[in-house]
Amino acid sequence: MAQPIRTMRYYLMDEIVIHNKKLDCWIVIHKNVFNLSPMLRDRCDHWNRTLDYLVAHAGKDLTHLFHENGEPRTEISASSGRPRVLFPPILEVAISEFAKTKHAMWSQDPYYHIGRITRRPRRIRLINTLTGHVQHMTVCDEDSIYDIQQKYKQRYNHHAGSYEWRKFSHSARSCGLLNLNGTLDENGLTDDEDCDVELPPPSIWLYYTDDLTIA
């Protein structure tokens, strides 16, 4: 199964908060996700308290400390009367040239920018027709079916590739293949976003193909 070409990856905030350690540090600024781990690894031998302060904010949304273009917000110092940044770790940089983009603050550095927060989380049901197990998942609205397959494989079933993923259409009278490059909406798997009543989440049916070589 060939991996579709993607220009941007999307994340749930639940996926961000687990990256909250010294060498696994992600942060969010105006829905942009930054992985600062390469910079922190590069600074291990040149550590300081400001970097400790940065790590204390790992896995969090720092939007309130930055302008939408990534520039840090400032305030006027009561002692000096001069501007100072609200979040001092923005002044920290990687030492090695390969761990950064030259002359760029990390909040504007494409080297650390790995994706965006989803526009909307989506609930789905994955029904394993072999075992009868129903797995509920929350995914990104922008995720393709291929993206969802990979997440399902990583979290719940390492043999996800050995299943054919299908949907039911025409009032559940016919079973159709899914377009792996398409999103849920593009595959007709819509939800109740614009509905006045709460509907069950859309379902994807997994049919075992007896082929472990593609798992």
Side-chain angles (χ1 to χ4, degrees), residues 2-77 82-122 137-155 180-181 183-184:
Q3 182 175 357
I5 297 175
R6 296 297 305 277
T7 57
M8 178 66 66
R9 181 169 179 182
Y10 292 87
Y11 297 90
L12 303 166
M13 270 307 299
D14 287 350
E15 297 177 279
I16 306 301
V17 296
I18 60 175
H19 298 279
N20 57 2
K21 304 174 183 65
K22 179 176 179 178
L23 300 182
D24 182 17
C25 174
W26 293 15
I27 57 98
V28 176
I29 299 174
H30 292 284
K31 293 189 175 294
N32 292 297
V33 181
F34 294 87
N35 178 5
L36 302 182
S37 308
M39 180 183 78
L40 295 178
R41 283 194 295 267
D42 188 65
R43 290 292 303 272
C44 277
D45 294 333
H46 302 83
W47 201 261
N48 58 38
R49 291 184 179 180
T50 307
L51 292 175
D52 283 330
Y53 188 59
L54 173 58
V55 173
H57 289 79
K60 297 179 181 179
D61 189 335
L62 305 184
T63 295
H64 61 291
L65 297 170
F66 292 84
H67 295 287
E68 196 163 354
N69 65 357
E71 289 279 348
R73 292 187 181 275
T74 61
E75 63 181 358
I76 300 300
S77 169
R82 292 179 297 179
R84 64 184 179 191
V85 294
L86 292 178
F87 193 62
I90 189 58
L91 304 176
E92 299 295 333
V93 297
I95 296 175
S96 304
E97 292 300 324
F98 64 82
K100 63 182 177 181
T101 299
K102 194 172 183 180
H103 303 311
M105 293 183 294
W106 52 254
S107 59
Q108 297 176 320
D109 193 337
Y111 183 82
Y112 305 122
H113 184 230
I114 60 172
R116 286 182 58 80
I117 296 297
T118 182
R119 177 184 74 88
R120 183 167 66 99
R122 294 283 300 273
M137 279 185 68
T138 301
V139 298
C140 299
D141 186 57
E142 301 86 354
D143 280 344
S144 68
I145 298 300
Y146 179 86
D147 295 328
I148 295 171
Q149 278 187 336
Q150 297 308 301
K151 291 179 179 181
Y152 176 74
K153 180 178 179 180
Q154 293 169 4
R155 300 176 191 175
L180 297 183
N181 293 296
T183 63
L184 292 170

Contacts of type side-chain contact (heavy atoms from CB on, under 4.5 Å), residue H46, not counting sequence neighbours: R43, I95

Any residue meeting side-chain contact (heavy atoms from CB on, under 4.5 Å) with D24, in chain and number order, not counting sequence neighbours: H19, K21, W26, S37

For W47 against D52, the heavy-atom pair lying closest together: NE1-OD1, 2.7 Å

Inter-residue atom distance N20.CG - I27.CD1, 0.5 Å rounding: 13.5 Å

With sequence neighbours excluded, residues passing side chain to side chain donor-acceptor pair (under 3.5 Å) with T101: D109

Donor-acceptor contact present, side-chain D141 to main-chain R119, <3.5 Å: no

Residues, nucleotides or ligands: over 12 heavy atoms within 6.0 Å of E97 CD: yes

T63 (side chain) donor-acceptor with H30 (main chain) under 3.5 angstrom: yes

Residues in side chain to side chain donor-acceptor pair (under 3.5 Å) contact with T138, at least two apart in sequence or another chain: none

E142 side chain reached by M8 side chain, heavy atoms, under 4.5 Å: no

Positive for side-chain contact (heavy atoms from CB on, under 4.5 Å) with F87, one of H64, R73, H57: H57

Side-chain donor or acceptor of E15 paired with backbone N/O of L12 under 3.5 Å: yes

Check: T50 and L91 side chains under 4.5 Å, non-hydrogen atoms: no

Under 3.5 Å: donor-acceptor pair, side chain of Y112, backbone of A99: yes

Distance-minimising heavy-atom pair for G59 and M13: O-CE, 4.4 Å

Under 3.5 Å donor-acceptor, Q108 side chain and N69 backbone: yes

Any donor-acceptor N/O pair, Y111 side chain to F98 backbone, under 3.5 Å: yes

Which residues share a side chain to side chain donor-acceptor pair (under 3.5 Å) with W106, sequence neighbours left out: none

Salt bridge (Lys or Arg N to Asp or Glu O under 4.0 Å) assessment of K151 paired with D143: CA-CA 10 Å; K151 291 179 179 181; D143 280 344; 2.7 Å; yes

Under 3.5 Å donor-acceptor, R122 side chain and C140 backbone: no

Min side-chain heavy-atom separation L184-V139 under 4.5 Å: yes

Partners passing ring-ring contact (aromatic ring centres under 6.0 Å, His included) against F34 (at least two apart in sequence or in another chain): H113

Nearest non-hydrogen partners of K22 and L40, listed with the distance: O-CD1, 3.1 Å

